[in-house]
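Below is one structure, written out as structure tokens; comments come after it.
By convention in this document, chain letters (A, B, ...) are assigned in the order of the sequence lines, proteins followed by strands, and residues within each chain are numbered from 1. In this text, all values refer to a predicted model and were calculated from it rather than measured experimentally.
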Amino acid sequence: MASTLGVLEALLRNPGAIATKLEVKQLLKALLKRPGAITSASEAKQLHAQILKHNPSSPLYTSTAICVYSNFKLLNQSLLLFKTLQSPPSLAYKSIIKCYAVNGRFVESLASFVDMRASGNTPDHSVFPSVLKACAFLLDLRLGEAVHGCIIRLGMDVHLITGNALINMYAKLQTDSSVKKVFETMTTRDIISWNTVIAGNAQNGLHEDALAMVREMGGAGLKPDIFTLSAILPIFAQYVDVDKGREIHGYVIRYGFDKDLYVASSLINMYSRCARVEDSIRVFKITRQRDTISWNSVIAGCVQNGMFDEGLRLFRQMLKDNVIPGSVSFSSIMPACAHLTTLNLGKQLHGYIMRCGFDDNVFISSSLVDMYAKCGHIRTAGWIFGGIKGRDMVSWTAMIMGCALHGYAEDAISLFEQMKLEGIRPNHVAITAILTACSHAGMIDEGRRYFDRMTEEYGIRPGLEHYAAMADLYSRKGKLNDAYQLISTMTTPTGTIWSLLLSACRVHKNVDLAEKVASKIFEVDPENIGARVLLSNIYANDGRWKEAAKVRMTMRNMGIRKNPACSWIEVKNKIHTFIADDKSHPLHDEINIALCELQEKMELAGYVADTSEVLHDVDDEQKKYLLYGHSERRAIAFGIMSTPAGTTIRVIKNIRICVDCHTAIKLISKIVGREIVVRDNSRFHHFRDGECSCGEYW
DNA sequence: TTGTCCGAGG
């Protein structure tokens, strides 16, 4: 053998060297027995050349060449040779089946397997794993079972690797009973057998079984390895069981598995699912080797836990480190743009997405719909939504919620009904979206109907978010007692839900109920800043300055401070922030002059300041002055000054817009002939030609 | 010749 291989080596190193026919023949013969002696693709090509030169018509030699090519995954070369064979021998079939499979061409792989059977060639242990993998990938249970039958008839079911492949196939096809049966009938099992069953159980929701098997492994003399650990970590992520997750982390460190990319990604994911972003970032930072998946895991972790800026920072860092973002990277980061309403960044990412050709990905396009809707571009959102092929419930929900936030309740309802007609069942988020739509349009009856029917029609029990939407609906409409009744039926109403009612008490000036509601809030959430501010404002609004002062005093004694009201606007890629009465903007004086001019024009158009919204104990003239210092007006004035005529002005405010500003902005939109879009903390207002899309309802 | 990790909507 050694001398034959010596000839081979010489030949391969110098294909021009003259070899005797005998030598070549011996060489090829040796190779028939040991195709593995060829160690590179170029050697494979040399071999092919020798065959063409000396024995081009031998099916056996051709098959050997196919086998060698397929070992290097060279599908095209294998196919060219395969097609020259009239009746391919077993080796040729086996090689081409495997070669198709390793190239992900599972349909062709299975077709070749069928051909092989039809031609009367008997498959063996070397080919079943590829065939079973193809069945698993194509989710073809019937063919898989047929192959299994064939395996049993040939007595191959005791073969370890074939058995493992069978387990894997049944696990992927979620036929857990077959997984168990195959595992139990196997005469020898290795760690892969165990891991495959464990991973299958974990992914098919049989969490207890998976964990029990991890414990049993020890009895078989096997220790959990990186595969075992990355299979069970997602269980603790799903159960938000950080203690168990940490235990595994300890084990990982003891055995030095923390260098493994898969384990690290699973740990990052586990910690972020358990809301321990700091821990997940720590794991990420000590992971030396990083791939797109570990980056995606940590970025998604930040974004899902509300750390949007950190998520964006990491995303930029990933690009800087020359890690190519995949489609998952974009669908992970896009919600950060939606939440931060950073339209410009969102648009840049959208461009990047299109250049990568990811714009037909339903995850990404749904996140784009959400981002554009939340950034005020509901039409762009609708346009993207219209182009989504194979919309799923999430795409519909993003669009429905977008319409809801913009006050287009009719559109939201018709989308919701259309979605159901297409056979898509709404989940709890979709229900929240439709209730939000009703809430923002004051559609009490429709809202009530969706709420009452959600359990029997969709099998979804009302959760916090649904109660919140309903409480909001009643509250905005002034049905304060209905809201109170509804909230009281909840087993554990939260401070947030009561606060919705409290803010309605302010709008509808119901001080008595406000006091009752406020005490409920302080019971469950004594630190609730918003509620204390609201209560103080309610007193002030009623002229009860003493009580108002008392609430503020309590707040100060408790050491809590409210966040100032502010508005911001993006002009030429820069975000300008305005806080009421803050004079720090470089164009402060110019903005004031512009506001004065606007004020005069507004008064000519019949504007009278509604000073009831000013909750300071000062005279009327002073109140008027305070009103026009409101942050959203200054942001709008700045926007008008610094953008070309006709440009839409987009402003974001961190609290709900006040009645007087709402009236003022309507007039301003008419005076300057611009569309002004204001997003407050609850919805969008589109001001155009003296009207607002909210129809005076917010 | 078999097996692992990440993703959208409130």
Which part of the nucleic acid does [X] contact within heavy-atom distance under 4.0 Å: base, sugar-phosphate only, or nothing?
| X | answer |
| --- | --- |
| A:D291 | nothing |
| A:N361 | base |
| A:D225 | base |
| A:M399 | nothing |
| A:S331 | base |
| A:T432 | nothing |
| A:D190 | nothing |
| A:S294 | nothing |

Distance check needed: [N] [atom2] versus [X] [atom1], whole Å only.
| X | N | atom1 | atom2 | value |
| --- | --- | --- | --- | --- |
| A:L349 | B:dA8 | CG | P | 15 Å |
| A:N296 | B:dT4 | CG | P | 18 Å |
| A:H428 | B:dA8 | NE2 | C1' | 13 Å |
| A:D260 | B:dT4 | CG | C1' | 8 Å |
| A:L368 | B:dG7 | CG | C1' | 14 Å |
| A:I191 | B:dT1 | CD1 | C1' | 18 Å |
| A:L132 | B:dG3 | CG | C1' | 14 Å |
| A:L222 | B:dG3 | CG | P | 18 Å |

Checklist entry - Do A:D209 and A:K180 come within less than 4.5 Å of each other through their side chains, counting heavy atoms only? => result no
Checklist entry - Looking at side-chain heavy atoms only, is the closest gap between A:L314 and A:W295 below 4.5 Å? => result yes
Strictly below 4.0 Å, heavy-atom distances to any atom of DNA chain B: list the hits from [range], or just say none.
| range | answer |
| --- | --- |
| residues 267-284 of chain A | A:N269, A:R273 |
| residues 159-169 of chain A | A:H159, A:I161, A:N164, A:N168 |
| residues 93-106 of chain A | A:K98 |

Given [options], the nucleotide with the shortest approach to the side chain of [X]:
| X | options | value |
| --- | --- | --- |
| A:H125 | B:dG7, B:dT1, B:dC6 | B:dT1 |
| A:Y262 | B:dC5, B:dG7, B:dG9 | B:dC5 |
| A:I192 | B:dA8, B:dG7, B:dG3 | B:dG3 |
| A:K172 | B:dG9, B:dG3, B:dC5 | B:dG3 |
| A:V328 | B:dT2, B:dC6, B:dG9 | B:dC6 |
| A:A300 | B:dA8, B:dC5, B:dG7 | B:dG7 |
| A:T196 | B:dC5, B:dT1, B:dG3 | B:dG3 |

Checklist entry - So, A:K244 and A:E247, do they make that salt bridge, N to O below 4.0 Å? => result no
Item to check | SB check A:K94 A:D124 (cutoff 4.0 Å) | outcome: yes
Checklist entry - What about A:H249 and A:Y271, are their ring centers closer than 6.0 Å? => result yes
Checklist entry - Ring centres of A:F113 and A:Y93 under 6.0 Å apart? => result no
Checklist entry - Under the criterion side-chain contact (heavy atoms from CB on, under 4.5 Å), which of A:S63, A:C67, A:S126 is the partner of A:S95? => result A:C67
Next on the checklist: Out of the candidates A:L312, A:I281, A:I333, only one should pair with A:C302 under the side-chain contact (heavy atoms from CB on, under 4.5 Å) rule; please name it.
Outcome noted: A:I281
Item to check | Geometric class of the A:H125/A:H159 ring pair [parallel <30°, tilted 30-60°, perpendicular >60°] | outcome: tilted
Checklist entry - Which is it for A:W396 and A:F385 under the ring-ring contact (aromatic ring centres under 6.0 Å, His included) test, yes or no, and what are the steps along the way? => result CA-CA 8 Å; A:W396 286 92; A:F385 176 75; 5.2 Å; yes
Checklist entry - If you draw a 6.0 Å radius around CZ in A:F137, do more than 12 non-hydrogen atoms from other residues or ligands fall strictly inside? => result no
Item to check | Contact under 4.0 Å: A:Q203 side-chain N or O vs B:dG3 OP1/OP2 | outcome: no
